[in-house]
Amino acid sequence: NEVMNASENGSLLPSSSAPASWDPFHRPLDSIQPWQFRLLAALMLVVTSLSLAENLAVILVIFKFKQLRQPVNYIIVNLSVADFLVSLTGGTVTFLTNLKGYFFMGYWACVLEGFAVTFFGIAALWCLALLAFERCMAICRPRRNARLRGQRAALGIVFVWSFSFIWAVPPAAGWSSYTTSKIGTTCEPNWYSGAYADRTYIIALLSTCFIAPLLVILASYGKVVWKLKKV
């Protein structure tokens with residue numbers, strides 16, 4: 001009952017007012033068997049290794065060959081860097097914590113991991129939107145795109161990282177929080193809480209960092225399809 005109460009209150013972290021029977025920073029969740037944690041660790045090892053290798057290959061190839069050093073490819077490098085860092089921070093930590101079965105690194109490591117994965121994840125999503133917009137401009141306005149694509153790519157990259165940082169900081173600064181997941185081996189924004197601050201942050205995060213880039217992608221490729229049909 002105490003664990004259920006903790007979940008309903010929006011966090012699996014131990015509370016000073018009502019001590020929880022399960023602390024994700026000190027022991028595994030009893031309802032999950034050790035072999036299940038090891039299976040998750042093995043899956044994370046495979047996925048993380050592939051992601052690190054593939055994104056690093058993209059970065060090295062683009063910087064090795066001069067003919068690939070073009071504005072649109074710098075956006076691709078930016079996307080690969082964001083994905084690489086998501087895997088390096090989130091994937092590696094999740095692999096290690098699943099080996100143990102709980103988040104043995106402590107509360108502040110949880111906050112740092114939640115911040116890093118959110119920060120780099122938002123950057124990756126907006127890089128996809130930026131690529132879609134760039135392809136739309138290249139096809140629909142090729143002459144204008146030739147003059148402005150370098151400046152636009154640079155401004156876009158600055159926007160991506162600044163915007164991502166702005167939306168990753170609030171849970172670490174008091175608007176919502178970073179907490180462990182239901183099984184206690186990863187950390188993320190507090191999706192589970194019914195508190196007003198948590199709900200408003202989650203709604204704002206989904207609107208600006210998922211729905212908004214998705215609409216940019218749909219609008220950009222929709223315009224590309226319309227242009228191709230027209231010609």
Show the atom names and distances, to 0.1 Å, of all donor-acceptor pairs under 3.5 Å that link a side chain in residues 200-212 to residues at least two apart or in another chain.
residue, atom, partner, partner atom, Å
T200, OG1, W175, NE1, 3.1
T200, OG1, Y196, O, 3.0
T200, OG1, A197, O, 2.9
Y201, OH, W167, O, 2.6
S207, OG, I203, O, 2.8
T208, OG1, A204, O, 2.8

Identify every side-chain donor-acceptor pair in residues 40-62 under 3.5 Å, counting partners at least two apart or on other chains, and give the distances.
residue, atom, partner, partner atom, Å
T48, OG1, M44, O, 2.7
S49, OG, L45, O, 2.7
S51, OG, N55, ND2, 3.2
S51, OG, S87, OG, 2.5
N55, ND2, S51, O, 2.8

Side-chain donor-acceptor contacts of residues 223-231 below 3.5 Å, not counting sequence neighbours, with atom names and distances?
none

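When the side chain to side chain donor-acceptor pair (under 3.5 Å) test is applied to T97, no partner is found at least two apart in sequence or on another chain. Legend: residues meeting salt bridge (Lys or Arg N to Asp or Glu O under 4.0 Å) with R27, ordered by chain and number and at least two apart, are D30. Residues that satisfy the side-chain contact (heavy atoms from CB on, under 4.5 Å) test with L112, not counting sequence neighbours, are absent from this structure. The side-chain contact (heavy atoms from CB on, under 4.5 Å) search around F115 returns F119, F165, A168, V169, Y178, not counting sequence neighbours. A search for side chain to side chain donor-acceptor pair (under 3.5 Å) contacts involving T94 returns nothing, not counting sequence neighbours. Applying the side-chain contact (heavy atoms from CB on, under 4.5 Å) test to L128 and every residue at least two apart in sequence or in another chain returns L79, I217.
W161 and V81 get closest at one heavy-atom pair: CZ2-CG1, 4.4 Å. Taking both residues in full, the closest heavy atoms of S177 and D198 are given as N-OD1, 3.8 Å, listed atom of the first, atom of the second, then distance. Closest non-hydrogen pair, G90 versus V117, comes out as CA-CG2, 3.4 Å. Minimum interatomic distance between A123 and A82 (heavy atoms only, all atoms of both residues): CB-CB, 4.1 Å. Heavy-atom minimum distance, T89 versus L85: OG1-O, 2.7 Å. Of all heavy-atom pairs between F103 and C187, the closest is CE1-SG, 3.6 Å.
Applying the ring pair (Phe, Tyr, Trp, His ring centres under 6.0 Å) test to pairs two or more places apart or on separate chains, none has a residue in residues 33-77. Within the structure, salt bridge (Lys or Arg N to Asp or Glu O under 4.0 Å) contacts touching residues 66-83 (residues at least two apart or in different chains) do not occur. Annotation: ring pair (Phe, Tyr, Trp, His ring centres under 6.0 Å) contacts involving residues 121-143, sequence neighbours excluded, comprise W126-F159, W126-F163.
Taking CZ of R135 as the start and OG of S220 as the end, the distance is 11.0 Å to the nearest 0.5 Å. The CD1 atom of I75 lies 5.5 Å from the CG atom of L131; values are rounded to the nearest 0.5 Å. Distance CZ/R38 to NZ/K100: 13.0 Å, rounded to 0.5 Å. Note that NZ of K182 and OH of Y192 are 6.0 Å apart. Values are rounded to the nearest 0.5 Å. With values rounded to the nearest 0.5 angstrom, I157 atom CD1 is found 11.5 Å from S162 atom OG. Atom CD of E188 is separated from atom CD of E113 by 9.0 Å, given to the nearest 0.5 angstrom.
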Does the side chain to side chain contact (heavy atoms under 4.5 Å, CB included) test come out yes or no for T180 and F25, once each step is laid out? CA-CA 9 Å; T180 54; F25 299 121; 3.9 Å; yes
With side chain to side chain contact (heavy atoms under 4.5 Å, CB included) as the test, would you mind laying out the steps for W22 and Y102 before giving the verdict? CA-CA 11 Å; W22 171 61; Y102 63 99; 5.6 Å; no
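Under the 4.5 Å side-chain heavy-atom criterion for grouping Ile, Leu, Val, Met, Phe, Trp and Tyr, L125 is not connected to V86 through any hydrophobic cluster. Neither I139 nor Y221 shares a network with the other; the hydrophobic side chains, linked directly or stepwise wherever heavy atoms of I, L, V, M, F, W or Y lie under 4.5 Å apart, form separate groups for each.
No side-chain N or O of N190 forms a donor-acceptor pair with one of T179 less than 3.5 Å apart.
A 4.5 Å side-chain heavy-atom check between L214 and L218 finds at least one atom pair inside the cut-off.
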